[in-house]
Protein chains: 2
Amino acid sequence: MRLVVADCSARYSGRLTAHLPFATRLIVVKADGSVLLHSDGGSYKPLNWMSPPCTLLTLEPSPEQASTGVTQVWTVQHHKSDDRLEIEIHAVHHDSAHELGVDPGLVKDGVEAHLQEMLAAQIELLGDGHSLVRREYPTAIGPVDILARDAVGASVAVEIKRRGDIDGVEQLTRYLDLLNRDPLLRPVRGVFAAQEIKPQARVLATDRGIACLVLDYDAMRGVDDVDSRLF
Amino acid sequence: MRLVVADCSARYSGRLTAHLPFATRLIVVKADGSVLLHSDGGSYKPLNWMSPPCTLLTLEPSPEQASTGVTQVWTVQHHKSDDRLEIEIHAVHHDSAHELGVDPGLVKDGVEAHLQEMLAAQIELLGDGHSLVRREYPTAIGPVDILARDAVGASVAVEIKRRGDIDGVEQLTRYLDLLNRDPLLRPVRGVFAAQEIKPQARVLATDRGIACLVLDYDAMRGVDDVDSRLF
DNA sequence: AGTTAAATATCGTGC
DNA sequence: GCACGATGTTTAACT
């Protein structure tokens, strides 16, 4: 990765045509040849950039360009499209190169696990008088996210997803089939809980007598925060 | 703007919970306090970031953290939300600060003007035998993008948009009303030309006897390039 | 079907 | 109404 801080202007053509007037900017050249032009504000998005795969060519300025103070011209050409970024570099304030190696990348922690945790703590969201039996209730084909009992003591099996798709309904259906064979539990109702429930999933669930529960992540987290403030 | 290249790991919580395993990364701290974590690949998007308004706090590592090689802990807290980014910094390979000043920002060049220019140069796209009368043909309510004549000498008014919406059809309709009052021009046909024509706009245009023309920006530019190569 | 990568546009929101 | 920010998401492409 090469970091250059320089006075520069730039021109981009591709999906649209645009230009960057003369200013001091950070130019990042990544190992894959991609280029980012950042100002000292805005957002995480560069003012302009070229995504890989692309090739960076460093050229001498034309006499005309040189007469206006341009010391280098960088052209970045995308390999698969006509996207092209041309940077005219004047004074260079900083220039350094660094070996960064391969990055393992961002790991998203389980939102689903968090939802399960919070719903277990706020089990009354299933309805008044509900109580938690246990999380990850084991069955022969895997654990059910939550097993609870309603106000009259009947069993309720809950499947939790971040995005409620048809697959989740099928999964819950299989669990319900199994659980309802257990004379100590049956009858077991099903609740399909998700941050967002797709219309098809809702139709399928309703058709099978499974209730749908939309989980408001922020609201649930808010309640959790309030709870935690009590300690 | 501060540029730091360091071995680090990070944790983000906000809309989701995620973490970045230990690796060497570029950390950009912008003048507004926002922070960007970049790897040496990927795209223009940082691995993780915090957008302004936010505050960066530099803390001493806890004994536990220090024992794993952490030399600094940066916490970046968003002002308006619970978004929080925590960076554990181990070895620092580079650290520099730069004054960049205010950036004038990206200027998007007129795409619509360019389309008009190219269509005027390739007026036969309207149909065989068409000829250009003039661009920006003046009327009492503003200039029509292009006025042309077809193979038999009848007038054709063209409205050009990047995205052909209902508004554009309405605009062209008003021009046609006016132009058709001119005995020297009438009858004047209308052509609605755009890179992309929305279905509703197409229906409305067709209903009013206005022809629709989808402009292929790349193809038109290609022809222009070929033309320019002749010189 | 599941997985990864791109998005320089559009939307919504805040000023 | 306008400008800016966010999409840490959505979709498209691809394997």
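Lettering of chains follows the sequences in order, A, B, ..., and the numbering in each one begins at 1. Since we're looking at a predicted model, the values are computed, not measured. Heavy-atom basis, side chains included; hydrogens, waters and symmetry copies ignored.
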Separation between the [atom1] atoms of [N] and [M], rounded to whole Å:
{"N": "C/dT4", "M": "C/dT8", "atom1": "P", "value": "22 Å"}
{"N": "C/dA6", "M": "C/dT10", "atom1": "C1'", "value": "15 Å"}
{"N": "C/dA5", "M": "C/dA9", "atom1": "P", "value": "23 Å"}

Classify the nucleic acid contact of [X] as base, sugar-phosphate or nothing, counting any heavy atom under 4.0 Å across all strands shown.
{"X": "A/Asp83", "value": "base"}
{"X": "A/Met50", "value": "nothing"}
{"X": "A/Pro46", "value": "nothing"}

Mind calculating the distance between [atom1] ([X]) and [atom2] ([N]) to the nearest angstrom?
{"X": "A/Leu106", "N": "D/dT7", "atom1": "CG", "atom2": "P", "result": "14 Å"}
{"X": "A/Tyr44", "N": "C/dA6", "atom1": "OH", "atom2": "P", "result": "14 Å"}
{"X": "A/Asp82", "N": "C/dT8", "atom1": "CG", "atom2": "P", "result": "15 Å"}
{"X": "B/His78", "N": "C/dG14", "atom1": "NE2", "atom2": "C1'", "result": "12 Å"}
{"X": "B/Leu36", "N": "D/dG5", "atom1": "CG", "atom2": "P", "result": "13 Å"}
{"X": "A/Leu20", "N": "C/dT8", "atom1": "CG", "atom2": "C1'", "result": "11 Å"}
{"X": "B/Leu16", "N": "D/dT7", "atom1": "CG", "atom2": "P", "result": "10 Å"}
{"X": "B/Asp32", "N": "D/dG5", "atom1": "CG", "atom2": "C1'", "result": "12 Å"}

**Q.** Electrostatic pair A/Glu159-A/Arg174, nearest N-O below 4.0 angstrom
**A.**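 Salt bridge between A/Glu159 and A/Arg174, a charged N being under 4.0 Å from a carboxylate O: no.
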Q.
Tell me whether the count of non-hydrogen atoms from other residues, nucleotides or ligands lying under 6.0 Å of CD in B/Glu60 goes above 12.
A.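 12 or below, so no.
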(Q) Whether B/Lys80 contacts C/dC15 is assessed here as follows: a side-chain N or O lying under 4.0 Å from the phosphate OP1 or OP2. Is that the case? (A)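 B/Lys80 to C/dC15 OP1/OP2: side-chain N or O found under 4.0 Å.
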Q | Contact under 4.0 Å: B/Ser43 side-chain N or O vs C/dA7 OP1/OP2 | A |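 So the side-chain polar atoms of B/Ser43 never come under 4.0 Å of the phosphate oxygens OP1 or OP2 of C/dA7.
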Q: Just compare D/dA6, D/dT9, C/dA9 and give me whichever is closest to any side-chain atom of B/Ser51.
A: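 Ranking D/dA6, D/dT9, C/dA9 by closest atom to the B/Ser51 side chain puts D/dA6 first.
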(Q) Among D/dT7, D/dT9, C/dT8, which nucleotide has an atom closest to any side-chain atom of B/Trp49? (A)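 Nearest to the side-chain atoms of B/Trp49, counting from C-beta on, is D/dT7.
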**Q.** Working for ring pair (Phe, Tyr, Trp, His ring centres under 6.0 Å), residues A/Tyr12 and A/His19
**A.** CA-CA 6 Å; A/Tyr12 165 77; A/His19 70 274; over 10 Å; no
**Q.** Step-by-step side-chain hydrogen bond (donor to acceptor under 3.5 Å, both in side chains) determination, B/Thr71 to B/His90
**A.** CA-CA 5 Å; B/Thr71 57; B/His90 297 241; over 6 Å; no
Q. Between B/His94 and A/His98, does the ring centroid distance fall short of 6.0 Å?
A.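 Between A/His98 and B/His94, which both carry aromatic rings, the centre distance is below 6.0 Å.
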(Q) Determine whether a donor-acceptor pair (one donor, one acceptor, N or O, separation below 3.5 Å) exists between the side chain of B/Lys45 and the base of D/dT7. (A)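 Looking at the base of D/dT7, it does not pair with any donor or acceptor on the side chain of B/Lys45 (distance under 3.5 Å).
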